[in-house]
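Only one structure is covered here, and it is reproduced in the block below.
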Number of protein chains: 2
Amino acid sequence: MESEAKQIFDDYIRERGLKGTAQRDLILSAFLSTEDHLTAEDIHRLVNDSVSHNDFSSDKKHGVGFATVYRTMKLITDSGLAREVIFGDGVSRFEHKYGHPHHHHLICNGCGEITEFSSQKMNEVEKHILKKYSFKAESHHFKIFGLCKNCEESRNQEKQKKSKKNKKMYQEDK
Amino acid sequence: MESEAKQIFDDYIRERGLKGTAQRDLILSAFLSTEDHLTAEDIHRLVNDSVSHNDFSSDKKHGVGFATVYRTMKLITDSGLAREVIFGDGVSRFEHKYGHPHHHHLICNGCGEITEFSSQKMNEVEKHILKKYSFKAESHHFKIFGLCKNCEESRNQEKQKKSKKNKKMYQEDK
DNA sequence: ATCGAAATTGATACTCATTCTCAATTGAGA
DNA sequence: TCTCAATTGAGAATGAGTATCAATTTCGAT
């Protein structure tokens, strides 16, 4: 649960002689509040929106800064609660690691939806590859980009409408 | 072969009403000259080094600019000769696509060595996943980060040497 | 071979995510 | 409470990649 995660972070902070702060609490809570794959900007927004809604802090002059979000997400990642994922669009995202066994991702190029999957068979194939190349894995990630069911269907409908405008078309390798 | 690739690029250029230029030739040649996974900076260096060695162009005032490298690599990618690969270190790399069937990567965190692999079994597992989620793949990429055999061995040796230097140690009461 | 419209180029300014710097503030152990 | 190291926010800095633009080059039409 969320409180377990907070305990883990708290332990991590104390073990290192670091300090607990209101900002770190806010950022961790924001991160834990959803299962989404959040960017630093997402977290920054979540945190500052929630702060402005809390009137107990009406004397607060500043929101939480971007630098603090980045710094804290690094701590949360190092504590083992988060994993950084890179989908190649130039922005890092953070996903839950605690209580979330390793998985891979389907990323929809249409709507951006992210679906997680895992496969025992794939793990076995990977193990075989690693042995073959005498490679010691530290992390691994299979990403499949494409179209989710919904986006594929709506794209087909668009195609029918625009079917006269077929200009550019080259084949993918297969 | 290299000439076939150049023909493909030439065709691509002409089909689009674009122009052939010395810079584009240089950049394509640099890209084709190696099987490495090159960054834009790598290509920029390769191109400008080779130019300075060619005395036929001693009246040339400028080398090929970074912008031209980026622009041309985009063309080469669009022509189907290159594929952009993102290893998550903040820099894009380009690898051969023409004549190189799809594959995945082992990336050594120690020396940076990149090993390519492919697996029919993995393709089958992927096909199964795609069906399960009704997902239409457009691209996919399995990356495994870790240590190659050499780096793993030298890391173990280092560990043995430094095994006495364990100073900092906080109690782990759990 | 020349002409000229259109494409291309290099330099440079810019964007954008992320990191760094630093003075001011804050947390927590003594 | 005191003290001092850790933390903070603001803004500067970084670094990869893109956009802008005047000058240059290409290439098909003449």
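Sequence lines set the chain letters: A, B, ... in the order given, protein chains first and strands last, and positions in each chain run from 1.
- Distance check: Ile27(A) CD1 to Met73(A) CE gives 8.0 Å after rounding to the nearest 0.5 Å.
- In this structure, Thr39(A) reaches neither bases nor backbone, as no heavy-atom distance under 4.0 Å exists between it and the strands shown.
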Generate the contact string for nucleotides 19-30 of chain C. Rules: B means base contact, S means sugar-phosphate contact only, - means no protein heavy atom under 4.0 Å. BBB-----BS--
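- As rounded to whole Å, 14 Å separates atom C1' of dG17(D) from atom CG of Asp89(B).
- Once rounded to the nearest 0.5 Å, the distance linking CG of Leu75(A) with OH of Tyr70(A) reads 15.0 Å.
- Ring-centre distance between His100(A) and His102(A): not below the 6.0 Å cut-off.
- For the pair Phe87(A) CZ and dA17(C) C1', the computed distance is 17 Å after rounding to whole Å.
- For the side chain to side chain contact (heavy atoms under 4.5 Å, CB included) test, residues two or more places apart in sequence or in another chain that qualify with Ile8(B) are Leu81(B), Tyr98(B).
- The neighbour count for His103(B) NE2, taken as heavy atoms of other residues, nucleotides or ligands under 6.0 Å away, is above 12.
- Residue Asn48(B) contributes atom CG, which lies 11 Å from atom C1' of dG10(C) at whole-angstrom precision.
- Atom-to-atom, CG of Leu26(B) to P of dT8(C) comes out at 16 Å; the value is rounded to the nearest Å.
- Residue Gln23(B) has no polar side-chain atom (N or O) positioned under 4.0 Å from OP1 or OP2 of dT25(D).
- Among Arg83(A), Glu95(A), Arg93(A), the single residue meeting the side-chain hydrogen bond (donor to acceptor under 3.5 Å, both in side chains) criterion with His37(A) is Glu95(A).
- Atom-to-atom, CG of Asp10(B) to P of dT26(D) comes out at 14 Å; the value is rounded to the nearest Å.
- Atom-to-atom, CD1 of Ile13(B) to P of dT26(D) comes out at 13 Å; the value is rounded to the nearest Å.
- Per the geometry, CD belonging to Glu41(A) stands 9 Å off P belonging to dT18(C), to the nearest Å.
- Lys97(B) and Thr77(B) form no side-chain donor-acceptor contact under 3.5 Å, judged by distance and modelled atom types alone.
- Taking atom CZ of residue Arg45(B) and atom P of nucleotide dA16(D), one finds them 12 Å apart after rounding to whole Å.
- OP1 or OP2 of dA7(C) has not a single side-chain nitrogen or oxygen of Arg24(B) nearer than 4.0 Å.
- In terms of phosphate contacts, Ser92(A) brings a side-chain nitrogen or oxygen within less than 4.0 Å of OP1 or OP2 of dT18(C).
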